[in-house]
Number of protein chains: 2
Amino acid sequence: MTDPRTAPLDTVFAALADPTRRAILTMLLEDDMAVTDVAEPFEMSLAAISKHLTILAGAGLITQEKRGRVKWCKLEPDALKSASVWMQGFGQFEPVNLDAFEAFLERELGRDGDAGDMA
Amino acid sequence: MTDPRTAPLDTVFAALADPTRRAILTMLLEDDMAVTDVAEPFEMSLAAISKHLTILAGAGLITQEKRGRVKWCKLEPDALKSASVWMQGFGQFEPVNLDAFEAFLERELGRDGDAGDMA
DNA sequence: GCAATGGTCAACCGATCGGTTGAATAAGAC
DNA sequence: GTCTTATTCAACCGATCGGTTGACCATTGC
(Lines give C-alpha, C1' and ligand atoms only; values in the text may rest on other atoms or scores of the structure.)
Protein backbone atom coordinates (compact mmCIF):
# COMPACT_ATOMS: atom_id res chain seq x y z
CA MET A 1 0.00 0.00 0.00
CA THR A 2 2.98 2.28 0.43
CA ASP A 3 3.55 4.44 -2.57
CA PRO A 4 6.93 3.40 -3.93
CA ARG A 5 7.54 6.97 -4.98
CA THR A 6 7.56 8.21 -1.40
CA ALA A 7 9.86 5.51 0.01
CA PRO A 8 12.60 7.44 1.76
CA LEU A 9 16.07 7.43 0.33
CA ASP A 10 17.44 5.87 3.50
CA THR A 11 15.61 2.60 3.05
CA VAL A 12 16.12 2.42 -0.71
CA PHE A 13 19.87 2.92 -0.53
CA ALA A 14 20.20 0.62 2.47
CA ALA A 15 18.28 -2.06 0.61
CA LEU A 16 20.57 -1.70 -2.42
CA ALA A 17 23.73 -1.89 -0.31
CA ASP A 18 23.49 -5.67 0.04
CA PRO A 19 24.71 -7.83 -2.87
CA THR A 20 22.18 -10.58 -2.17
CA ARG A 21 19.34 -8.09 -2.42
CA ARG A 22 20.72 -6.60 -5.63
CA ALA A 23 20.98 -10.10 -7.06
CA ILE A 24 17.35 -10.74 -6.14
CA LEU A 25 16.27 -7.55 -7.91
CA THR A 26 18.21 -8.62 -10.97
CA MET A 27 16.46 -11.99 -10.93
CA LEU A 28 13.07 -10.29 -10.67
CA LEU A 29 13.96 -8.19 -13.68
CA GLU A 30 13.31 -11.31 -15.74
CA ASP A 31 10.04 -12.38 -14.20
CA ASP A 32 7.90 -12.47 -11.06
CA MET A 33 8.94 -15.25 -8.69
CA ALA A 34 7.75 -17.18 -5.65
CA VAL A 35 9.77 -16.81 -2.45
CA THR A 36 11.03 -20.39 -2.60
CA ASP A 37 12.19 -19.92 -6.18
CA VAL A 38 13.95 -16.69 -5.29
CA ALA A 39 15.81 -18.53 -2.55
CA GLU A 40 16.80 -21.52 -4.65
CA PRO A 41 20.10 -20.25 -6.15
CA PHE A 42 21.40 -18.91 -2.84
CA GLU A 43 23.36 -20.81 -0.24
CA MET A 44 21.48 -19.33 2.69
CA SER A 45 18.31 -20.36 4.46
CA LEU A 46 14.81 -19.61 3.24
CA ALA A 47 14.23 -17.50 6.33
CA ALA A 48 17.18 -15.30 5.42
CA ILE A 49 15.83 -14.74 1.92
CA SER A 50 12.41 -14.04 3.37
CA LYS A 51 13.98 -11.30 5.47
CA HIS A 52 15.75 -9.83 2.47
CA LEU A 53 12.47 -9.76 0.58
CA THR A 54 10.80 -8.00 3.51
CA ILE A 55 13.50 -5.34 3.41
CA LEU A 56 13.12 -4.92 -0.36
CA ALA A 57 9.35 -4.63 0.06
CA GLY A 58 9.84 -2.12 2.87
CA ALA A 59 11.88 0.02 0.52
CA GLY A 60 9.14 -0.28 -2.08
CA LEU A 61 11.50 -2.00 -4.50
CA ILE A 62 9.26 -5.04 -4.76
CA THR A 63 5.67 -5.92 -3.92
CA GLN A 64 4.50 -9.28 -2.65
CA GLU A 65 1.13 -10.79 -3.39
CA LYS A 66 -0.07 -14.01 -1.86
CA ARG A 67 -2.06 -16.29 -4.14
CA GLY A 68 -2.96 -19.55 -2.46
CA ARG A 69 0.00 -20.61 -0.39
CA VAL A 70 2.48 -19.05 -2.80
CA LYS A 71 3.73 -15.49 -2.30
CA TRP A 72 4.71 -13.85 -5.56
CA CYS A 73 7.42 -11.20 -5.70
CA LYS A 74 7.24 -8.46 -8.29
CA LEU A 75 9.84 -5.83 -9.12
CA GLU A 76 8.77 -2.21 -8.61
CA PRO A 77 11.32 -0.19 -10.56
CA ASP A 78 9.60 3.10 -9.84
CA ALA A 79 10.93 3.02 -6.30
CA LEU A 80 14.38 3.58 -7.75
CA LYS A 81 13.35 6.76 -9.44
CA SER A 82 13.71 9.07 -6.45
CA ALA A 83 17.11 7.67 -5.59
CA SER A 84 18.21 7.77 -9.20
CA VAL A 85 17.12 11.36 -9.54
CA TRP A 86 18.92 12.28 -6.36
CA MET A 87 22.12 10.66 -7.55
CA GLN A 88 22.04 12.04 -11.05
CA GLY A 89 22.22 15.51 -9.60
CA PHE A 90 25.80 14.93 -8.54
CA GLY A 91 27.01 14.04 -11.99
CA GLN A 92 26.79 16.45 -14.84
CA PHE A 93 23.42 14.94 -15.72
CA GLU A 94 25.16 12.68 -18.12
CA PRO A 95 23.04 10.43 -20.30
CA VAL A 96 22.86 6.82 -19.26
CA ASN A 97 25.15 4.47 -21.12
CA LEU A 98 23.25 1.30 -21.94
CA ASP A 99 26.36 -0.69 -22.80
CA ALA A 100 27.81 0.08 -19.40
CA PHE A 101 24.60 -1.06 -17.76
CA GLU A 102 24.63 -4.35 -19.60
CA ALA A 103 28.18 -4.98 -18.51
CA PHE A 104 27.20 -4.39 -14.89
CA LEU A 105 24.15 -6.56 -15.26
CA GLU A 106 26.26 -9.44 -16.51
CA ARG A 107 28.65 -9.04 -13.62
CA GLU A 108 25.76 -9.07 -11.17
CA LEU A 109 24.24 -12.15 -12.72
CA GLY A 110 27.54 -13.94 -12.95
CA ARG A 111 28.67 -13.10 -9.45
CA ASP A 112 25.99 -12.25 -6.93
CA GLY A 113 23.44 -14.34 -8.73
CA ASP A 114 25.69 -17.39 -8.57
CA ALA A 115 25.21 -19.24 -5.32
CA GLY A 116 28.55 -20.94 -5.79
CA ASP A 117 30.70 -18.36 -4.01
CA MET A 118 28.32 -16.40 -1.90
CA ALA A 119 29.02 -18.03 1.44
CA MET B 1 34.83 -13.35 0.42
CA THR B 2 33.74 -10.03 -1.00
CA ASP B 3 33.79 -9.76 -4.74
CA PRO B 4 36.05 -6.86 -5.71
CA ARG B 5 33.94 -6.20 -8.78
CA THR B 6 30.69 -5.60 -6.94
CA ALA B 7 32.26 -4.23 -3.75
CA PRO B 8 32.12 -0.68 -5.13
CA LEU B 9 28.34 -0.88 -5.35
CA ASP B 10 28.19 -2.17 -1.78
CA THR B 11 30.22 0.68 -0.37
CA VAL B 12 28.64 3.39 -2.53
CA PHE B 13 25.07 2.40 -1.68
CA ALA B 14 25.94 1.89 1.99
CA ALA B 15 27.54 5.33 2.09
CA LEU B 16 24.44 6.89 0.53
CA ALA B 17 22.10 5.14 2.96
CA ASP B 18 22.92 7.59 5.76
CA PRO B 19 21.15 10.98 5.74
CA THR B 20 24.08 12.75 7.36
CA ARG B 21 26.39 11.55 4.62
CA ARG B 22 23.94 12.55 1.90
CA ALA B 23 23.68 15.99 3.49
CA ILE B 24 27.48 16.26 3.47
CA LEU B 25 27.58 15.39 -0.21
CA THR B 26 24.96 18.02 -0.90
CA MET B 27 27.03 20.59 0.95
CA LEU B 28 30.11 19.66 -1.05
CA LEU B 29 28.12 20.16 -4.23
CA GLU B 30 28.48 23.88 -3.58
CA ASP B 31 32.17 24.00 -2.78
CA ASP B 32 35.14 22.17 -1.30
CA MET B 33 35.19 22.34 2.49
CA ALA B 34 37.46 21.72 5.45
CA VAL B 35 36.46 18.98 7.89
CA THR B 36 35.62 21.46 10.64
CA ASP B 37 33.40 23.46 8.32
CA VAL B 38 31.62 20.31 7.18
CA ALA B 39 30.92 19.45 10.81
CA GLU B 40 29.66 22.91 11.79
CA PRO B 41 25.94 22.58 10.90
CA PHE B 42 25.55 19.17 12.51
CA GLU B 43 24.73 18.43 16.10
CA MET B 44 27.20 15.59 16.44
CA SER B 45 30.85 15.51 17.39
CA LEU B 46 33.68 16.34 15.03
CA ALA B 47 34.96 12.78 15.39
CA ALA B 48 31.65 11.44 14.14
CA ILE B 49 31.80 13.66 11.08
CA SER B 50 35.39 12.62 10.52
CA LYS B 51 34.23 9.01 10.44
CA HIS B 52 31.46 9.83 7.98
CA LEU B 53 33.99 11.53 5.73
CA THR B 54 36.24 8.46 5.91
CA ILE B 55 33.33 6.30 4.79
CA LEU B 56 32.52 8.69 1.93
CA ALA B 57 36.17 8.67 0.89
CA GLY B 58 36.26 4.88 1.11
CA ALA B 59 33.36 4.75 -1.32
CA GLY B 60 35.22 7.13 -3.61
CA LEU B 61 32.46 9.72 -3.29
CA ILE B 62 34.88 12.35 -2.00
CA THR B 63 38.62 12.86 -1.89
CA GLN B 64 40.51 14.51 0.94
CA GLU B 65 43.65 16.53 0.49
CA LYS B 66 45.64 17.90 3.39
CA ARG B 67 47.07 21.37 2.91
CA GLY B 68 48.82 22.63 5.99
CA ARG B 69 46.79 21.51 8.97
CA VAL B 70 43.53 21.71 7.07
CA LYS B 71 42.10 18.71 5.25
CA TRP B 72 39.98 19.73 2.30
CA CYS B 73 37.06 17.59 1.16
CA LYS B 74 36.12 17.50 -2.50
CA LEU B 75 33.11 15.89 -4.11
CA GLU B 76 33.86 13.12 -6.62
CA PRO B 77 30.62 12.67 -8.55
CA ASP B 78 32.08 10.07 -10.88
CA ALA B 79 31.92 7.49 -8.10
CA LEU B 80 28.15 7.62 -8.46
CA LYS B 81 28.27 6.61 -12.08
CA SER B 82 28.50 2.83 -11.62
CA ALA B 83 25.69 2.84 -9.09
CA SER B 84 23.60 5.15 -11.21
CA VAL B 85 24.10 2.97 -14.25
CA TRP B 86 23.16 -0.11 -12.27
CA MET B 87 19.97 1.54 -11.03
CA GLN B 88 18.89 3.02 -14.29
CA GLY B 89 18.68 -0.45 -15.73
CA PHE B 90 15.61 -1.17 -13.63
CA GLY B 91 13.64 1.74 -14.95
CA GLN B 92 12.74 2.28 -18.55
CA PHE B 93 15.94 4.27 -19.03
CA GLU B 94 13.93 7.39 -18.61
CA PRO B 95 15.69 10.68 -18.93
CA VAL B 96 16.46 12.50 -15.73
CA ASN B 97 14.05 15.21 -14.76
CA LEU B 98 15.96 18.21 -13.51
CA ASP B 99 12.95 19.76 -11.80
CA ALA B 100 12.42 16.58 -9.85
CA PHE B 101 16.03 16.63 -8.78
CA GLU B 102 15.82 20.15 -7.50
CA ALA B 103 12.75 19.28 -5.48
CA PHE B 104 14.58 16.38 -3.88
CA LEU B 105 17.60 18.52 -3.24
CA GLU B 106 15.48 21.02 -1.37
CA ARG B 107 13.91 18.30 0.70
CA GLU B 108 17.33 16.93 1.58
CA LEU B 109 18.63 20.33 2.55
CA GLY B 110 15.56 21.19 4.53
CA ARG B 111 15.38 17.93 6.44
CA ASP B 112 18.71 16.13 6.65
CA GLY B 113 20.74 19.24 6.25
CA ASP B 114 19.06 21.04 9.13
CA ALA B 115 21.03 20.43 12.27
CA GLY B 116 18.01 21.39 14.32
CA ASP B 117 16.29 18.05 14.19
CA MET B 118 19.06 15.63 13.48
CA ALA B 119 19.44 14.19 16.94
C1' DG C 1 -8.09 -36.46 8.43
C1' DC C 2 -3.23 -36.28 7.59
C1' DA C 3 1.04 -35.35 5.43
C1' DA C 4 3.71 -32.39 2.55
C1' DT C 5 4.66 -27.73 0.87
C1' DG C 6 5.30 -22.51 1.23
C1' DG C 7 6.46 -19.09 4.15
C1' DT C 8 7.00 -16.52 8.46
C1' DC C 9 8.05 -15.90 13.47
C1' DA C 10 10.98 -15.84 17.53
C1' DA C 11 15.02 -16.28 19.77
C1' DC C 12 19.62 -16.17 19.42
C1' DC C 13 24.53 -15.10 17.57
C1' DG C 14 28.66 -12.47 16.14
C1' DA C 15 29.82 -8.45 13.38
C1' DT C 16 29.18 -3.97 12.03
C1' DC C 17 27.21 0.80 12.64
C1' DG C 18 26.66 5.36 14.39
C1' DG C 19 27.67 7.74 18.04
C1' DT C 20 30.34 9.28 22.37
C1' DT C 21 34.52 10.69 25.10
C1' DG C 22 39.32 11.69 26.02
C1' DA C 23 43.91 11.50 24.62
C1' DA C 24 47.15 12.10 20.84
C1' DT C 25 49.29 14.20 16.68
C1' DA C 26 50.33 17.98 13.50
C1' DA C 27 50.70 22.56 12.05
C1' DG C 28 50.14 27.57 12.58
C1' DA C 29 50.18 31.79 15.41
C1' DC C 30 52.58 34.65 18.63
C1' DG D 1 58.88 27.60 23.22
C1' DT D 2 54.00 27.73 24.11
C1' DC D 3 49.24 28.20 23.04
C1' DT D 4 45.66 27.29 19.94
C1' DT D 5 43.48 25.14 16.04
C1' DA D 6 42.56 21.07 12.97
C1' DT D 7 41.97 16.42 12.80
C1' DT D 8 42.37 11.68 13.98
C1' DC D 9 42.89 7.64 17.13
C1' DA D 10 41.34 4.36 20.58
C1' DA D 11 38.28 2.53 23.52
C1' DC D 12 33.80 2.02 24.56
C1' DC D 13 28.47 1.87 24.07
C1' DG D 14 23.83 0.44 22.54
C1' DA D 15 21.38 -0.58 18.28
C1' DT D 16 20.98 -2.68 14.07
C1' DC D 17 22.36 -6.22 10.50
C1' DG D 18 22.78 -10.60 8.28
C1' DG D 19 22.61 -14.97 9.29
C1' DT D 20 21.12 -19.42 11.84
C1' DT D 21 17.78 -22.77 13.92
C1' DG D 22 13.39 -24.69 15.29
C1' DA D 23 8.70 -24.02 16.02
C1' DC D 24 4.62 -22.38 13.94
C1' DC D 25 0.66 -21.18 10.61
C1' DA D 26 -1.66 -21.84 5.93
C1' DT D 27 -2.77 -24.07 1.98
C1' DT D 28 -2.87 -28.00 -1.01
C1' DG D 29 -3.18 -32.96 -2.31
C1' DC D 30 -4.27 -37.65 -1.29
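All heavy atoms count here, side chains included; hydrogens, waters and symmetry mates do not. A, B, ... follow the sequence lines: proteins, then strands. Residue 1 opens every chain.
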Next item on the list: List for me each residue that meets side chain to side chain contact (heavy atoms under 4.5 Å, CB included) alongside Ala48(B), sequence neighbours excluded, and say none if there are none.
Entry: Met44(B), Ser45(B)
Check: Atom CD1 of Ile24(B) and atom C1' of dG19(C): how far apart are they, to the nearest Å?
Finding: 13 Å
Check: Reading nucleotides 24-30 of chain C 5' to 3', which nucleotides get B (base under 4.0 Å from a protein heavy atom), which S (sugar-phosphate only), which -?
Finding: ---BS--
Check: With clusters built from Ile, Leu, Val, Met, Phe, Trp and Tyr whose side-chain heavy atoms come within less than 4.5 Å, directly or transitively, what are the remaining members of the cluster of Val70(B), listed by chain and number?
Finding: Trp72(B)
Check: Quick one: which of dG18(C), dT7(D), dG19(D) gets closest to the side chain of Thr20(A)?
Finding: dG19(D)
Item checked: Helix axis bend for the helix from dG1(C)-dC30(D) to dC30(C)-dG1(D) - C1'-based end axes, five pairs, 10° rounding -> 20°
Note to self: Tell me every residue that passes side-chain hydrogen bond (donor to acceptor under 3.5 Å, both in side chains) with Thr36(B), counting only those two or more places apart in sequence or in another chain.
What the structure shows: none
Check: Between dG18(D) atom C1' and Asp10(B) atom CG, what is the distance in whole Å?
Finding: 13 Å
Margin query: Tell me every residue that passes side chain to side chain contact (heavy atoms under 4.5 Å, CB included) with Ala14(A), counting only those two or more places apart in sequence or in another chain.
Written below: Ala17(B)
Next item on the list: For Ser50(A), check side-chain hydrogen bond (donor to acceptor under 3.5 Å, both in side chains) against everything at least two apart and list the hits.
Entry: none
Margin query: When you measure from the side chain of Thr26(A) to the backbone of Arg22(A), do you find a donor-acceptor pair of N or O atoms at a distance under 3.5 Å?
Written below: yes
Checklist line | Integer-rounded Å distance: dG7(C) C1' and Trp72(A) CH2 | finding: 14 Å
Notebook entry, point to check: Starting at CG of Asp18(B) and ending at P of dC17(D), how long is that distance when rounded to a whole Å?
Noted result: 12 Å
Note to self: So if I take residues 45-62 of chain B and measure heavy-atom distances to DNA chain D, which residues fall below 4.0 Å?
What the structure shows: Leu46(B), Ala47(B), Ser50(B), Lys51(B)
Item checked: Counterpart residues, side chain to side chain contact (heavy atoms under 4.5 Å, CB included), relative to Thr54(A) (two or more places apart) -> none
Note to self: Distance check, rounded to the nearest 0.5 Å: Trp86(B) atom CH2 versus Met87(A) atom CE?
What the structure shows: 10.5 Å
Next item on the list: Any pair with a residue in residues 55-68 of chain B that passes side-chain hydrogen bond (donor to acceptor under 3.5 Å, both in side chains), sequence neighbours left out, goes on the list, sorted by first then second residue, please.
Entry: Thr63(B)-Glu76(B), Glu65(B)-Arg67(B)
Next item on the list: Could you check how far CE of Met44(B) sits from C1' of dG14(D), rounded to whole Å?
Entry: 16 Å
Next item on the list: In whole angstrom, give the distance that lies between atom CZ of Arg22(B) and atom C1' of dG18(C).
Entry: 15 Å
Next item on the list: To the nearest Å, give me how far apart NZ (Lys71(A)) and P (dA26(D)) are.
Entry: 13 Å
Item checked: Atom-pair distance (CG on Leu16(B); P on dG18(C)), nearest Å -> 12 Å
Checklist line | Euclidean distance, His52(A) NE2 relative to Cys73(A) SG, rounded to 0.5 Å | finding: 13.0 Å
Check: So how far is it from Leu9(A) CG to Leu16(B) CG, rounded to the nearest 0.5 Å?
Finding: 9.0 Å
